[in-house]
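Fair warning: this is a prediction, and the values are worked out from it, not measured in the lab.
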Amino acid sequence: MNPLKTLWVWVCRFRKRKGYGVHSPFAFYLIRAVINEKEAYYAYSELKKQRKGKSVLPEKVDRLLFRLSNYIQPATIVQVGDKYPLSVEYMKEGCKSASLFMLGAEEMPETALEAALKEKPLGLLHLTDASNNREWFETALKHTSENTLFVIEGIHSGHDKWTWWKEIQQREEVGITFDLYEVGLIFFDKSKQKQHYKVNFV
């Protein structure tokens, strides 16, 4: 986003920056201790050295991917789209025990996911800006558990993406969601009350 757009989004979401008004202990902790955590983690400095000259997501998004991976400790990490290979490294550093797969968006989702998930369940799915994200999403839904997290890029990048995000929130399979503007987070633990949070991701 350009600086003016960034400022506008920040102002609009100012009151939602630190979990104010959030009653769910899970959501409050995620917002305070994961989404907007400011501590300099052990891997940040080394990963930062790799950013120069590469096609990368904003650093704060990659660092969020690291923290999310570190928080949920997924058995398997899947990224769809090979445009941002460094994002995979951030997620891997967050959970070094995870099995890691970077799948090309042009692959057949059903075949690719079944091959990747033969031995371990889907823990963390990162959907980048592939044009067929809907197809990947629908296929990945068949492999979710209460411990799965989806991270979807660009939910505000156009009317179609925003409409799709609103549709996702209404899906029966979906539990708690977080709209961080740059990305959307989807959890599937149905033991927690379904809520949709808008967060000032700073």
Only counting residues at least two apart or in another chain, list the ones meeting side chain to side chain donor-acceptor pair (under 3.5 Å) with E59. K48, R63
Spatial distance of atom [atom1] ([X]) from atom [atom2] ([Y]) [nearest 0.5 Å]:
X: N70; Y: K96; atom1: CG; atom2: NZ; answer: 11.0 Å
X: D62; Y: E93; atom1: CG; atom2: CD; answer: 12.5 Å
X: L149; Y: L185; atom1: CG; atom2: CG; answer: 6.0 Å
X: I155; Y: K166; atom1: CD1; atom2: NZ; answer: 9.0 Å

Worked verdict on Y181 versus F201 for side-chain contact (heavy atoms from CB on, under 4.5 Å): CA-CA 8 Å; Y181 197 86; F201 173 40; over 6 Å; no
Verify the ring-centre separation between F188 and F150: is it less than 6.0 angstrom? yes
Taking NZ, NE, NH1 and NH2 as the nitrogens, is one of them in [X] or [Y] under 4.0 Å from a carboxylate oxygen of the other?
X: K49; Y: E46; value: yes
X: E167; Y: R134; value: yes
X: E110; Y: K142; value: yes

Provide the full list of side chain to side chain donor-acceptor pair (under 3.5 Å) pairs with a residue in residues 112-125, sequence neighbours left out, each pair given once. S99-K120
Is the Y71 ring parallel, tilted or perpendicular to the Y29 ring (thresholds 30°, 60°)? tilted
Ring geometry between Y197 and F178 (parallel below 30°, tilted from 30 to 60°, perpendicular above 60°): parallel
Taking it one step at a time, do F26 and I176 satisfy side-chain contact (heavy atoms from CB on, under 4.5 Å)? CA-CA 10 Å; F26 164 76; I176 297 174; 3.7 Å; yes
Closest non-hydrogen atom pair, [X] against [Y]:
X: A98; Y: K92; result: O-NZ, 2.7 Å
X: S97; Y: Q73; result: OG-OE1, 4.5 Å
X: K194; Y: G175; result: CG-O, 3.5 Å

Stepwise side-chain contact (heavy atoms from CB on, under 4.5 Å) check, I168 with I186: CA-CA 9 Å; I168 286 172; I186 306 169; 3.5 Å; yes
Validation row: V61, V183 side chains within 4.5 angstrom (heavy atoms): yes
Under the rule for side chain to side chain contact (heavy atoms under 4.5 Å, CB included), what residues qualify as partners of Q193, not counting sequence neighbours? Q195
Suppose we screen for side chain to side chain contact (heavy atoms under 4.5 Å, CB included). Which residues come up paired with S145, at least two apart in sequence or across chains? N147, T148
Have a look at H156 and tell me which of W165, W164, W162 forms a ring-ring contact (aromatic ring centres under 6.0 Å, His included) with it. W162
Starting from the C-alpha separation in whole Å, work towards a yes-or-no answer on salt bridge (Lys or Arg N to Asp or Glu O under 4.0 Å) for E173 and K190. CA-CA 8 Å; E173 305 94 329; K190 303 306 287 291; over 6 Å; no
Please assess W136 against N132 for the test side-chain contact (heavy atoms from CB on, under 4.5 Å), listing each intermediate value before the final yes or no. CA-CA 7 Å; W136 280 100; N132 59 341; 3.4 Å; yes
Checking T128 against E153: is there a side-chain donor and acceptor pair closer than 3.5 Å? no
What's in the same ILVMFWY side-chain cluster as Y44, cut-off under 4.5 Å, chained through other members? Y41, Y42, L47, V56, F66, L86, Y90
Can you give each donor-acceptor pair under 3.5 Å made by side-chain atoms of residues 76-84, sequence neighbours left out, with the distance rounded to 0.1 Å?
| unit_1 | atom_1 | unit_2 | atom_2 | d |
| --- | --- | --- | --- | --- |
| T76 | OG1 | P121 | O | 3.0 |
| Q79 | OE1 | H126 | ND1 | 2.8 |
| Q79 | NE2 | G81 | O | 3.2 |
| Q79 | NE2 | Y84 | O | 3.1 |
| Y84 | OH | D129 | OD2 | 3.4 |

